[in-house]
Number of protein chains: 2
Amino acid sequence: MISGKFAITIHILTLLTKYPNDYLSSEYIAGSINLNAVLVRKEIANLKAHHIVESKEGKNGGTKLSVDPSNISLKEIFEMTFESINLGYAKNQPNPDCPVGKKINQNLSALYADMNQKVSLQLEGISLEDFSNQF
Amino acid sequence: MISGKFAITIHILTLLTKYPNDYLSSEYIAGSINLNAVLVRKEIANLKAHHIVESKEGKNGGTKLSVDPSNISLKEIFEMTFESINLGYAKNQPNPDCPVGKKINQNLSALYADMNQKVSLQLEGISLEDFSNQF
DNA sequence: TACATTTGTAATATATTTTATTACAGTATG
DNA sequence: CATACTGTAATAAAATATATTACAAATGTA
């Protein structure tokens, strides 16, 4: 199962991009995603830690973008919400006495690293503004 | 969480490539992966359905490759074990009355489709033989 | 000031997915 | 005919993801 972190975060950011002058509440955002507001606030906390958004507490509070959406790429959003693209690893440590077991994870890692590079290149070319303009 | 299906399958196939003249038992393979033998047999069932390997039941039975490892690419293995590369979707259906909610999944899908194309190209260029030669 | 609204965060519960285990029928080998 | 395998179903356990509840703290406004 892949978590919805990236999708949720990009949904939040698209809303904030669409309404750049408003502080949107987590309840409002949650209503668009159809997700619990606490989880929205958790992703917002992550965005705040990366200085992408800023929040205001109290009545009429909420969250708004603190960067220009043309200056942030999907690669950055990806990196904030996803460790790396990969096709998975077996759960347990493989047998180190088997020539295949000994090296499988290292060889998979190399493969996945290449994958990430290609995907990163793709995501780097798309700004949040680009993405939002599709709506 | 990403399941280990792809990693397990490629581990199995690497072993079969290394020992092309033997029928390897699921217990033996499981010992290399450090995984329950039943799960190995399940992935082998998948490989058999795709005519990549063949099994022999009974004493001294096991599984061996039924294709030339230079003629099968990681892309094919990927497609047998993975739906598609993606960065996830939010779990619940988004609000169709919101312009963003209405289109978010479609726009994410398009993004992910591009990603798959790039990754597929990469994987297409690597044969099982290539991968196995790294060990 | 008092109230309402909102964030921030912790604690806990539920749901979903992934992996593991158990069990056993069926098949081939020697 | 005993042994060592596969094939597969059923169930359990573990891991992860999402949801809910609760409440302190902040802030705008009557």
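Proteins get letters first, then strands, A, B, ... in listed order; numbering begins at 1 in each. Remember, it's a predicted structure, so these values are computed and weren't measured experimentally.
To the nearest angstrom, P of C/dT14 lies 16 Å from CG of A/Leu39. One interatomic measurement links the two molecules: CD of B/Glu57 to P of D/dC5, which rounds to 13 Å at whole-angstrom precision. Taking atom CD1 of B/Ile44 as the reference point, atom C1' of D/dC5 lies 12 Å away to the nearest angstrom. The distance from atom CG of B/Asn60 to atom P of D/dA2 is 18 Å, rounded to the nearest whole Å. Rounding to whole angstrom units, CG of residue A/Asn36 and P of C/dA15 are separated by 14 Å. Note: CD1 (A/Ile2) to P (C/dT17) measures 12 Å, nearest angstrom. Separating the NZ atom of B/Lys59 from the P atom of C/dG26 is a distance of 21 Å, rounded to the nearest angstrom. Rounded to whole Å, the distance from CZ on A/Arg41 to C1' on D/dT21 is 11 Å.
A/Ile10 places a side-chain heavy atom less than 4.5 Å from the side chain of B/Ile104. For the pair A/Thr9/A/Phe82, no side-chain contact is recorded, criterion being any heavy-atom separation below 4.5 Å from C-beta on.
Listed for the B/Glu76 side chain is a donor-acceptor partner under 3.5 Å among the backbone atoms of B/Ser73. Side-chain atoms of B/Glu129 do not come within 3.5 Å of backbone N or O of B/Thr17 as any donor-acceptor pair. A donor-acceptor pair is defined here as one N or O able to donate and one able to accept, closer than 3.5 Å; no such pair exists between the side chain of A/Asn34 and the backbone of B/Asn92.
Nearer to the 5' terminus of DNA chain C, by closest-nucleotide assignment, is the contact made by A/Gly61 (compared with the other of B/Leu35 and A/Gly61). Nearest-nucleotide assignment on DNA chain C puts the 5′-proximal partner with A/Gly62, out of B/Val38 and A/Gly62. Comparing B/Glu27 and A/Lys5 by the nucleotide of DNA chain D that holds the closest heavy atom to each, the one mapping nearer the 5' end is B/Glu27.
Among the heavy atoms of the strands lying under 4.0 Å from A/Ser26 are primed sugar atoms or P, OP1, OP2 only; no base atom is included. Contact annotation for A/Lys56: backbone-only contact, meaning every heavy-atom pair under 4.0 Å involves sugar-phosphate atoms and none involves a base.
The one candidate from B/Ile77, B/Leu123, B/Leu74, B/Ile2 that meets the side-chain contact (heavy atoms from CB on, under 4.5 Å) condition with A/Leu87 is B/Leu123.
Between A/Tyr112 and B/Phe6, the two ring planes are tilted [angle within 30° to 60°].
Listed by residue number, B/Lys91, B/Asn92 are the residues of residues 88-100 of chain B with a heavy-atom contact under 4.0 Å to DNA chain D.
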